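I have placed the structure first, in the form of structure tokens, so that the comments after it can refer back to it.
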Amino acid sequence: MNTTLEPLPTRPAATVMLVRDAPGGLDVFLMRRHSKMEFAPGTMVFPGGGVDDRDRNADIAWAGPPPDWWAQRFGIAPDLAAALVCAAARETFEESGVLFAGPAARSGSAPGGIVGDASVYRESRHALANRSLSFADFLRNENLVLRSDLLRPWANWVTPEAERTRRYDTYFFVGALPEGQRADGENTESDRAGWASPQDAIDDFEAGRNILLPPTWTQLDSLAGRTVADVLAVERQIVPVQPLLEKRGDNWVFEFFDSDRYHRARMSGGSMEWPL
């Protein structure tokens, strides 16, 4: 009798690699998930999360590349692309306080800049986080537009089929910290947050000072040695990656296109147990 369990369905999600210029390259904003989180506790992550129902078919004020442009880059339908861009901007604001938005344009004119101090919307940020306010309504109330031109498509990773907690179809974006804004870790899902160079975060993983899952490790590796200008100029070909997660002895092992390097770093740091 075949006792193989059917894989859990995937939920679309968006995550944003928030970057800023730093001596010798760039820094990226990372958060550590609370140890009591059901999914991936204790891991280092970028701001992000699942697509909310209100991210779909939202009558959202928009400036920059339209959903069709994003759909072509990610290889998905325009309605899902629009929801993902909305979720990327919303989750980044909820989890880090950084807002990819600007004043709405006057009739017949171009968008009027970028929000310089997002902390003035603190109450709305809390309302977004507790789902009492939608992102579309927030932008409308404040006469703002989502600035999709501040984001770039970067990668697409799908949670392995063997994962029994929850699975995501995650689309990675990258965006530069808008001038005048600051990132924080004031959210309910993380217990530590801050800026680090991609290489320092990778080195910490190899030294056992943090935990990086393959998608995060791989994206950090792709940013290492670049400047913000380099990153924003890259035109990435987005190919979905779904690692294989299999049991080997007492350990679960990920297999993907760069897994040999990842496992050498993982073994060096001593974090071989999974689930975490």
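Note that this is a predicted model, so its numbers are computed, not measured.
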| query | Taking the six-membered ring where the residue is Trp, are the ring centres of Tyr171 and Trp157 under 6.0 Å apart? | reply | no
Margin query: Are Phe93 and Phe100 an aromatic pair, judged by ring center distance below 6.0 Å?
Written below: no
Backbone N/O of [Y] and side chain of [X]: donor-acceptor pair under 3.5 Å:
{"X": "Arg152", "Y": "Leu232", "result": "yes"}
{"X": "Asp200", "Y": "Ala196", "result": "no"}
{"X": "Ser268", "Y": "Glu206", "result": "yes"}
{"X": "Ser96", "Y": "Thr92", "result": "yes"}

Hydrophobic clustering (ILVMFWY, side-chain heavy atoms < 4.5 Å, transitive) - are [Y] and [X] grouped together?
{"X": "Phe257", "Y": "Leu244", "answer": "no"}
{"X": "Val51", "Y": "Leu133", "answer": "yes"}
{"X": "Tyr168", "Y": "Leu8", "answer": "no"}
{"X": "Leu220", "Y": "Val241", "answer": "yes"}
{"X": "Ile114", "Y": "Leu18", "answer": "yes"}

Would you mind checking if [Y] and [X] are paired as a salt bridge, meaning a charged N to carboxylate O distance below 4.0 Å?
{"X": "Asp184", "Y": "Arg125", "answer": "yes"}
{"X": "Glu94", "Y": "Arg131", "answer": "yes"}
{"X": "Arg11", "Y": "Asp169", "answer": "no"}
{"X": "Arg122", "Y": "Glu186", "answer": "yes"}

Mind listing the closest non-hydrogen atom pair of [X] and [Y] along with its distance?
{"X": "Arg236", "Y": "Ser222", "result": "NH1-CB, 4.1 Å"}
{"X": "Glu91", "Y": "Gly48", "result": "OE1-O, 3.3 Å"}
{"X": "Asp52", "Y": "Arg54", "result": "OD1-N, 2.8 Å"}
{"X": "Ala77", "Y": "Ala71", "result": "C-CB, 3.9 Å"}

Does the side chain of [Y] come within less than 4.5 Å of [X]'s, by heavy atoms?
{"X": "Ile211", "Y": "Met44", "result": "no"}
{"X": "Val115", "Y": "Tyr121", "result": "yes"}
{"X": "Arg32", "Y": "Glu189", "result": "no"}
{"X": "Phe172", "Y": "Ile238", "result": "no"}
{"X": "Phe173", "Y": "Trp70", "result": "yes"}
{"X": "Val16", "Y": "Val174", "result": "no"}
{"X": "Asp79", "Y": "Arg56", "result": "no"}
{"X": "Tyr262", "Y": "Phe205", "result": "yes"}

Using residues 59-67 as the side-chain source, report each donor-acceptor pair under 3.5 Å to any protein atom, sequence neighbours left out, with the distance given to one decimal.
| unit_1 | atom_1 | unit_2 | atom_2 | d |
| --- | --- | --- | --- | --- |
| Trp62 | NE1 | Pro65 | O | 2.8 |
| Trp62 | NE1 | Ser148 | OG | 3.3 |

If you measure only the distance, is there a donor-acceptor pair under 3.5 Å linking the side chains of [X] and [Y]?
{"X": "Thr218", "Y": "Asp221", "answer": "no"}
{"X": "Glu163", "Y": "Thr165", "answer": "yes"}
{"X": "Gln72", "Y": "Asp68", "answer": "no"}

